[in-house]
Structures are given as C-alpha cells and as structure tokens.
Number of protein chains: 2
Amino acid sequence: MQIDSVNISQGASAATIICDALRRAIIEGRLNDGDALRQDEIARMFGTSRIPVREAIAMLEQQGLVVTQRYKGAVVAGISPQEAAEIWDFRALLEGHVIEAAVPRMTAATFARARRHLDAFAKTANPRDWGELNRQFHTTLYAASDLSYHLTVIDKALDRVDRLLRAQLSLSNGLARATEEHEAILAACEAGNPEQAGQLTRQHILGAKANLLAQINRD
Amino acid sequence: MQIDSVNISQGASAATIICDALRRAIIEGRLNDGDALRQDEIARMFGTSRIPVREAIAMLEQQGLVVTQRYKGAVVAGISPQEAAEIWDFRALLEGHVIEAAVPRMTAATFARARRHLDAFAKTANPRDWGELNRQFHTTLYAASDLSYHLTVIDKALDRVDRLLRAQLSLSNGLARATEEHEAILAACEAGNPEQAGQLTRQHILGAKANLLAQINRD
DNA sequence: ATAATGAATATTGGATACAATATGCAATAC
DNA sequence: GTATTGCATATTGTATCCAATATTCATTAT
C-alpha cells in the first residue's frame with residue numbers, strides 16, 4: 001500500500017501570513033505611500049493578537065516596504081523620484097547581467113513558460129496584475145541563470161518599484177510598447193543571443209525609467 | 001539664551017538593539033553557521049522578555065543571516081561555496097560599477113578618510129576587525145557615488161560573506177596582498193581614473209573569491 | 001543488546017495584561 | 001477670536017501567561 005506522506009508541521013506562522021498579505025497589498029497599490037499600518041486593526045482583520053502583526057511589520061521594514069518610528073507606528077514607505085531612478089538603474093545593471101548569464105542555459109520549457117507570461121501580460125485588462133505578470137515574464141527568463149542570490153535581490157528591487165510600474169504602464173501606449181519590448185527580448189533569448197538579450201533588457205528598463213521620470217516632472 | 005535641543009524620544013527599541021547585537025555577533029564570527037538562537041537565553045542576556053527577541057529574529061531572517069523553522073527556532077544561516085561564489089561575483093559586478101560612478105565625485109576628504117581606513121586595516125592584529133575595517137575602506141570610496149540603494153544592497157551582501165573574509169585573509173599573505181590592492185584602488189581613485197578603479201576593484205574581489213574557493217576545495 | 005513507547009521537560013507561538021508614549025479635544029487664558 | 005493647557009483616549013512596546021509542538025530520557029518490550 002502506497003501512502004503519500006505530507007509534512008503537517010510546516011504551516012505558515014501568523015506573522016508570515018500577515019507579512020505576505022501586507023507586502024502584496026503594498027506592491028499592488030492597495031496600500032499607498034504614507035498609509036499607517038495600525039497594529040490593532042490588522043490584528044482584528046486577521047483574527048490574531050498584535051504580536052504576530054508586530055513581527056510582520058519588523059520583517060516588512062527590513063524589506064524596505066515600511067518605515068517605523070518608535071512609539072508612532074509604521075507607515076508604507078514612500079519612494080522619491082531620485083530613489084526610483086536609482087533603483088531602475090540598479091535593475092538595468094543587474095538584470096542585464098543576469099539575462100546574459102541565463103541565455104545559454106535556457107531550454108524550450110523556459111521559452112514556453114515565458115511566452116505564456118508574456119501573453120498573459122499583453123492581454124490583461126487589470127492594472128493590478130501588471131506588476132506580477134511583468135515580473136513573472138522577466139524572472140522566468142532570469143531563473144535559467146541559476147543565480148539565486150541575484151534573483152532575490154532583483155525581486156526585492158521590484159518590490160520597491162512595482163507600484164510605479166503601474167503608473168508608467170498607464171501612460172499612453174505604455175502597455176503596447178512594453179509588450180513589443182518583451183517580444184524582442186524573448187526573440188533574442190530564443191535566438192541564443194545573450195548580448196542582444198542583455199542590451200534589450202537594459203533598454204527596456206531604462207526606457208521605462210525615462211518615461212516615468214518625464215511624467216513625474218510633468219506633474 | 002541658546003539651548004541645544006535633542007530629540008529624546010528616539011532611543012532604540014529593545015528589538016532593534018538585540019537585532020544589531022546578534023547581527024554583529026554573526027558577522028564577526030562569534031556565532032557560527034548552524035548555531036541555535038535560543039529565545040529564552042537571549043532574552044535573559046538582554047534583560048528583556050522573549051517578544052523583542054522574536055522581533056529581532058524576524059528581522060535577521062529577512063537579512064538572510066538566520067533561518068527559522070516553525071516550532072524549532074532559529075539557527076545562524078550557513079553559506080555554501082556556490083552561494084559564496086555567487087555573492088562574490090555579485091559584489092564584483094556591483095562594486096565595480098559603484099566605484100566607477102563614485103570616482104568623479106570624490107573629494108580630498110574622501111581620500112583622507114579612505115586612507116585612514118586603509119591604514120587601520122593594514123595594521124590591525126585582530127582578525128575580528130578585518131571585516132569592519134575592510135568594509136569601511138570600500139564603502140568610504142563608494143559613498144561618493146551617492147547611490148544609496150546600491151550601497152544598502154552591497155552592505156547586505158557583505159553581511160553575508162564577512163565571516164568568510166576572515167578565512168580568506170588568514171591565508172598566507174592574504175592581509176598583505178589585500179592591503180596592496182587597497183593601495184592600488186585608492187591610487188586609481190586619487191588619479192581620477194574610474195575605469196582603473198573599477199577594474200582593480202573587480203580584480204580585488206574576484207581574486208579574494210578565487211583564493212577562498214581554492215582553500216575550500218583543499219579542505 | 002536494541003527498539004519502541006510514553007511521560008516529563010524544554011522551547012516556540014501567540015494571547016492577554018500592563019506600562020509608556022502620542023494624539024485629540026475640551027476647557028481655560030489672553 | 002487664537003493660543004495654551006490638561007486630561008482622556010488611542011496606540012505602541014513589552015511583560016507575563018497559556019497553548020502547541022519538539023526533544024529528551026526512563027521504562028518496557030522484543
């Protein structure tokens with residue numbers, strides 16, 4: 001008789017669940033810069049005491065997503081145009097490098113998966129999904145590099161700027177242009193051309209940065 | 001009458017104090033890979049309850065310095081040779097870039113400060129100080145770049161590998177060689193040569209990586 | 001002897017209670 | 001009217017306690 005065993009002791013802790021939910025809410029724009037995170041309110045929402053909420057907030061602060069001040073609580077971290085610009089440059093440097101390392105190791109399964117994410121991104125009507133779908137497209141390609149530390153750092157950088165991605169894609173023609181650029185990046189990967197994939201990725205990121213900064217300066 | 005006001009409300013929380021102390025202990029090698037972090041013991045040492053200790057541990061986990069398992073507590077994170085190698089490559093990429101951006105913005109005060117850190121590094125006899133002094137030398141140079149996000153990410157990477165730095169510097173001639181390389185980097189900065197500073201920084205980091213990996217493979 | 005079992009103890013997870021600080025609002029002063 | 005003060009309330013920080021789970025060790029079975 002064959003019994004499938006499952007590890008029943010590793011359900012997520014309350015703090016982890018709350019941290020993930022808050023992180024998602026911040027990234028997807030449901031919580032905005034400067035919004036206060038009230039410990040008692042969040043505890044009520046999750047049916048728990050404040051202790052795991054505090055632990056979740058401590059985690060989020062380490063991720064740069066919230067800022068706490070002693071005795072005054074936590075607020076969602078803002079991001080200045082200068083910081084956003086720097087993070088975009090950072091991403092161009094790092095993601096360009098990672099995709100170059102990844103291309104020689106990509107398989108047909110990589111391409112198929114990336115194609116699915118690209119298509120989903122292109123056809124979604126819900127702005128809230130753009131960040132996640134964009135991320136899935138890119139990180140599927142990068143994952144072939146096997147550079148897990150790099151990927152973790154990229155994920156963290158994306159967490160910080162995803163809310164701005166929505167603003168940038170909302171620009172006239174933003175979505176169509178991003179989709180074209182994704183197509184070109186995927187084509188370079190499929191052609192086995194690391195230099196071109198890297199170059200296109202850097203242009204893609206820096207182009208998005210330029211658009212967004214232009215919008216901020218116009219506002 | 002002139003009164004100097006001070007902000008008296010911003011002492012660090014217990015969790016922050018504990019987190020910083022544990023982080024330092026890990027980085028400096030006083031806590032080793034796999035060491036358990038016992039909540040009750042740490043709470044006693046700091047004269048507090050376990051709650052701030054739990055918060056501190058949650059923070060450290062986000063920093064990649066400890067690994068927790070539900071109901072089993074936290075242990076100091078290990079680092080495999082592969083992960084160490086990747087982080088060194090990561091540092092070469094990032095720090096090379098940052099110092100190139102920094103060179104054109106460096107001042108005489110930068111050089112004087114870096115010189116002091118270089119000298120302190122060269123003459124210390126205490127291996128426990130190598131990581132911090134090495135870090136101060138490099139980050140003094142990088143700070144002129146004004147790339148604060150990059151610097152934060154570099155600091156985090158250094159936190160992960162500083163304990164290995166000690167091993168690498170303990171190698172025959174490791175300290176003398178690192179000092180020579182620091183001298184060359186500083187000279188390139190003083191000469192206002194970003195490309196050379198970047199190149200020497202990358203070589204410095206990748207050379208340290210190669211030495212360490214050779215030692216690991218010998219063991 | 002080794003392996004299995006069960007109870008006691010240790011440790012973690014988090015609920016509740018208390019202490020410390022911040023905020024808001026009504027009352028008072030000018 | 002505006003500014004200041006003082007008190008009540010709200011919120012954060014953490015101590016204490018209880019519940020849940022893991023580990024250890026003595027006892028029993030083979």
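Keep in mind it's a predicted model, so treat the numbers as computed, not measured. Residue numbering restarts at 1 for every chain, and letters A, B, ... go by the order of the sequence lines.
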To the nearest Å, give me how far apart [atom1] ([X]) and [atom2] ([N]) are.
X	N	atom1	atom2	result
Gln39(A)	dA17(C)	CD	C1'	15 Å
Ile51(A)	dT11(D)	CD1	P	17 Å
Ile57(A)	dT11(D)	CD1	P	13 Å
Phe46(A)	dA15(C)	CZ	C1'	18 Å
Glu55(A)	dT12(D)	CD	C1'	15 Å
Arg54(B)	dG13(D)	CZ	P	17 Å
Glu41(B)	dA10(C)	CD	C1'	13 Å
Ile17(A)	dG13(C)	CD1	P	13 Å

By nearest atom, which of the nucleotides [options] is closest to the [X] side chain?
X	options	value
Arg70(A)	dG14(C), dT14(D), dT11(D)	dT14(D)
Asp40(B)	dT12(D), dG14(C), dT12(C)	dT12(C)
Pro52(A)	dA15(C), dT21(D), dT14(D)	dA15(C)
Arg38(B)	dT11(D), dA22(D), dT11(C)	dT11(C)

- Query: So, do Thr16(A) and Ser13(A) sit near enough that their side-chain heavy atoms are less than 4.5 Å apart?
  - Reply: yes

- Would you indicate, yes or no, if dG14(C) has its OP1 or OP2 atom less than 4.0 angstrom from a side-chain nitrogen or oxygen of Ser49(A)?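 Checking dG14(C) against Ser49(A), no side-chain N or O comes under 4.0 Å of OP1 or OP2.
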
- Query: Taking OP1 and OP2 of dT14(D), is either one under 4.0 Å from a side-chain nitrogen or oxygen of Arg50(B)?
  - Reply: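 Arg50(B) to dT14(D) OP1/OP2: no side-chain N or O under 4.0 Å.
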
- Message: Pair Glu86(B), Gln82(B) - check side-chain hydrogen bond (donor to acceptor under 3.5 Å, both in side chains), show working.
- Response: CA-CA 6 Å; Glu86(B) 188 196 336; Gln82(B) 292 79 16; over 6 Å; no

- Message: Walk me through whether Glu95(A) and Thr201(A) qualify under side-chain hydrogen bond (donor to acceptor under 3.5 Å, both in side chains).
- Response: CA-CA 7 Å; Glu95(A) 293 180 33; Thr201(A) 297; over 6 Å; no

- Message: Could you check whether any side-chain N or O of Thr124(A) sits under 3.5 Å from a backbone N or O of Ala120(A), counting only pairs where one atom can act as donor and the other as acceptor?
- Response: no

- Task: Look at the side chain of Thr48(A) and the backbone N and O of Arg44(A), then say whether any donor-acceptor pair between them is shorter than 3.5 Å.
- Result: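 Looks like no, no N/O pair under 3.5 Å.
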
Could I get a table of every N or O pair under 3.5 Å where one atom is in the protein and the other is in nucleotides 23-25 of chain D?
none

- Note the angle between the end axes of the helix from dA1(C)-dT30(D) to dC30(C)-dG1(D), five pairs defining each, rounded to 10 degrees. 0°

- Query: What ring pair (Phe, Tyr, Trp, His ring centres under 6.0 Å) pairs are there with at least one residue in residues 131-171 of chain A, not counting sequence neighbours?
  - Reply: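 Non-adjacent pairs meeting ring pair (Phe, Tyr, Trp, His ring centres under 6.0 Å): His97(A)-His150(A), Phe137(A)-His182(A), His138(A)-Tyr142(A), His138(A)-His182(A), His138(A)-His204(A), Tyr149(A)-Phe90(B), His150(A)-Phe90(B).
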
Could you tell me whether [X] and [Y] make a salt bridge, using a distance below 4.0 angstrom between a side-chain N and a carboxylate O?
X	Y	result
Arg202(B)	Glu100(B)	yes
Asp159(A)	Arg135(A)	yes
Arg115(B)	Asp119(B)	yes

